[in-house]
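This report refers to the structure that appears directly beneath it.
Residue numbers count from 1 along this sequence.
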Amino acid sequence: MVSPSCSRVFVSPAWGTGEGTAATQGYTSNATQMDGMCDVAVGVKRGSDELSMYNNPISGMSSASDGTSNGNGSKKLRVEEAPPSRVIHIRKLPNEATDAEVIALGLPFGKVTNILMLKGKNQAFLEMGTEEAAVTMVNYYNTVPPHIRNVTIFVQFSNHRELKTDAGNQRTQAVLQAVSTVPSPGSDEVPTAASSPVLRIIIDNMFYPVTLDVLQQIFSKFGTVMKIITFTKNNQFQALLQFSDPVNAQHAKLALDGQNIYNSCCTLRIDFSKLVNLNVKYNNDKSRDYTRPELPAGDRQPSLDPAVAAALSKDSGSLLGKIPGALNPLGAAAAAAAAAAAAAAAAAAGRAALAGPLGSSGVLLVSNLNEEMVTPQSLFTLFGVYGDVQRVKILYNKKDSALIQMSDSNQAQLAMSHLNGQKMHGKIIRVTLSKHQAVALPRDGLDDQGLTKDYANSPLHRFKKPGSKNFQNIFPPSATLHLSNIPQDVTEDDLRLLFSNTGGSVKAFKFFQDRKMALIQMSTVEEAIQSLVDLHNSNMGGNQHLRVSFSKSTI
């Protein structure tokens, strides 16, 4: 017996569209009560283009069906694909799918204005704010099929131009408002996984660069990554990352929170964001919308230099793997799948993917050097703060420039980000990625005046040992230096005098409790750089060599 609160309803799309097949055993079926919600009687009616609705007082939502019984046990009709429409037809939903999860499918592409859930048919209709948003959504999901609760679902255009739901349907509007709006700042509301496809990611102990593409590759293991925005807040590198499915965000958080991207560093701290949709305006090294590769690079955020873009390309599994002791969370198959997903998203929008193939070798070009004072050893010492320098070559015909070969492209990127624009020997140096694949040694018998040095077997490399504490003490150049390996008989006055002799002035000094380590503050960053270059590895007597590095602390 049909519940008195339910009534028979017909969905009547135009004959021959891509949505309709007749329900089994005829064109109509009785409405039944299911999970506290009225199922919908359906039918295909020749010549009608109206979508009939009914108001369900139990569910508080209007419902309709396209006549497909979840694609199972139904005789399929030969149909043509429906033309583009703001209304999206979603099929094969899992039984437990929620309104919020379905709405979240559309949010990455624009505003969602209406929804009809057909629980008994495992289907839904989603109305987007614009046809353009709907087209982008369908194109994307036709290339990268979406998942809800680990079930692949199917997305296509509806033949209906809009959903004519009851304007007074309070539940529908409440669901849309709850999922589609951003809580006010300071709100104590904690979003559930079902309504939060956006994760907030903080990177602790960030001693190697973490790029957009590294994040995309790691998190793609758990679902389709739609958008990423990176920024620095409270001196911490942070990112907002949006999945297509909130459940995937939950799985990623559970699996990755507290994990290290690299051995002993770059620790992921993950929470759900109060945002439910990211508004990405530019595709560059700071933000990316993988659903819209046609976005500009932005006036204030110039696009990457081609060499840098190659180094930070989507094949970032190679970058992860090249770091000594690195932990690569993705296998080769997952990496390939992530790259394929990004390429597919671009193809769906009619353009090639933004990033090119991996092409960086870890060689840096350093220019505007003080050619009267610079030496291969001084460059080895300074750049060795950020990676293991393999070779240094000061150019014979242009001695204000040098090539520096690091152990890998990540170390090169790290050194470039910290040292470009710093002052060394009175001149502001410029550091860029070189096109050279390696630094060549001079031919046998050729005297290059000591301008090329091979440091591959140097005992002074800071990062040879995986998990070394040196990974945890990489900081930008600063006026304060950290000293270690200090002999017990060396006094504060001894160290003040030693550092003053490098041409700078000591502003402050502080011993650590065990007196084996200390902080010393020079007047300027340039003076600190000079002191580090001159005094790192100095013999302090008794075969004890002083260790000098930049500190994040002040005295």
Side-chain angles (χ1 to χ4, degrees), residues 190-193 196-276 278 280 285-288 290 312-335 337-339 341-342 408-411 413-414 417 463 466-475 552:
V190 179
T192 63
S196 300
V198 180
L199 295 176
R200 183 171 70 98
I201 303 161
I202 297 175
I203 309 290
D204 287 340
N205 303 322
M206 186 172 163
F207 306 132
Y208 280 103
V210 176
T211 67
L212 278 173
D213 301 297
V214 168
L215 291 173
Q216 195 267 352
Q217 187 176 350
I218 291 171
F219 283 82
S220 286
K221 183 177 181 181
F222 301 91
T224 302
V225 174
M226 309 292 252
K227 305 174 185 179
I228 308 177
I229 297 173
T230 62
F231 57 96
T232 300
K233 184 177 181 181
N234 299 327
N235 293 322
Q236 285 185 308
F237 178 86
Q238 301 189 29
L240 293 171
L241 183 146
Q242 182 174 343
F243 279 99
S244 61
D245 184 344
V247 175
N248 292 338
Q250 184 182 39
H251 292 165
K253 180 184 183 301
L254 291 173
L256 296 176
D257 188 26
Q259 297 294 317
N260 295 329
I261 298 177
Y262 307 122
N263 194 15
S264 302
C265 65
C266 297
T267 306
L268 293 165
R269 304 296 181 197
I270 305 172
D271 279 308
F272 290 108
S273 171
K274 291 182 178 180
L275 298 168
V276 294
L278 300 180
V280 178
D285 58 328
K286 301 295 184 186
S287 62
R288 190 75 55 81
Y290 294 94
L312 304 180
S313 69
K314 61 179 175 291
D315 187 17
S316 51
S318 299
L319 301 181
L320 293 173
K322 285 184 178 179
I323 293 181
L327 298 179
N328 186 351
L330 289 179
D408 57 56
S409 56
N410 290 277
Q411 292 183 357
Q413 175 70 29
L414 188 65
S417 65
F463 308 105
S468 165
K469 288 184 178 179
N470 290 330
F471 284 99
Q472 303 173 29
N473 294 294
I474 301 175
F475 303 106
K552 67 176 180 179

Rounded distance [0.5 Å steps], CG in Leu241 versus CD1 in Ile228: 4.5 Å
Minimum heavy-atom distance between Gln250 and Phe272, given as atom pair plus value: CA-CZ, 3.7 Å
Separation of Asp271 CG from Asp257 CG (nearest 0.5 Å): 6.5 Å
Heavy-atom donor-acceptor pair, Ser417 side chain to Leu414 backbone, under 3.5 Å: yes
Evaluation steps, side chain to side chain contact (heavy atoms under 4.5 Å, CB included), between Ile203 and Leu268: CA-CA 5 Å; Ile203 309 290; Leu268 293 165; 3.4 Å; yes
Rounded distance (nearest 0.5 Å) linking atom CG of Leu240 with atom CG of Leu199: 9.0 Å
Distance, nearest 0.5 Å, that separates CD1 of Ile229 from NZ of Lys286: 13.0 Å
Nearest-0.5 Å distance that lies between atom NZ in Lys227 and atom CG in Leu212: 14.0 Å
Option passing side chain to side chain contact (heavy atoms under 4.5 Å, CB included) with Arg288 (candidates Asp213, Val280, Leu215): Asp213
Which atom of Ala249 lies closest to which atom of Pro197, heavy atoms considered: CB-O, 3.8 Å
Heavy-atom closest contact (Ile202 atom, Arg200 atom, distance): CD1-NH1, 3.3 Å
Step-by-step side chain to side chain contact (heavy atoms under 4.5 Å, CB included) determination, Lys253 to Phe222: CA-CA 10 Å; Lys253 180 184 183 301; Phe222 301 91; over 6 Å; no
Set of salt bridge (Lys or Arg N to Asp or Glu O under 4.0 Å) partners for Asp204, sequence neighbours left out: Arg269
Heavy-atom closest pair, residues Ala252 and Ile270: O-CD1, 4.4 Å
Side chain to side chain, Phe243 and Thr224, heavy atoms closer than 4.5 Å: no
With Phe219, the side chain to side chain contact (heavy atoms under 4.5 Å, CB included) member among Val214, Val225, Asn248: Val225
Spacing of CG belonging to Leu256 relative to NE2 belonging to His251, to within rounding of 0.5 Å: 12.0 Å
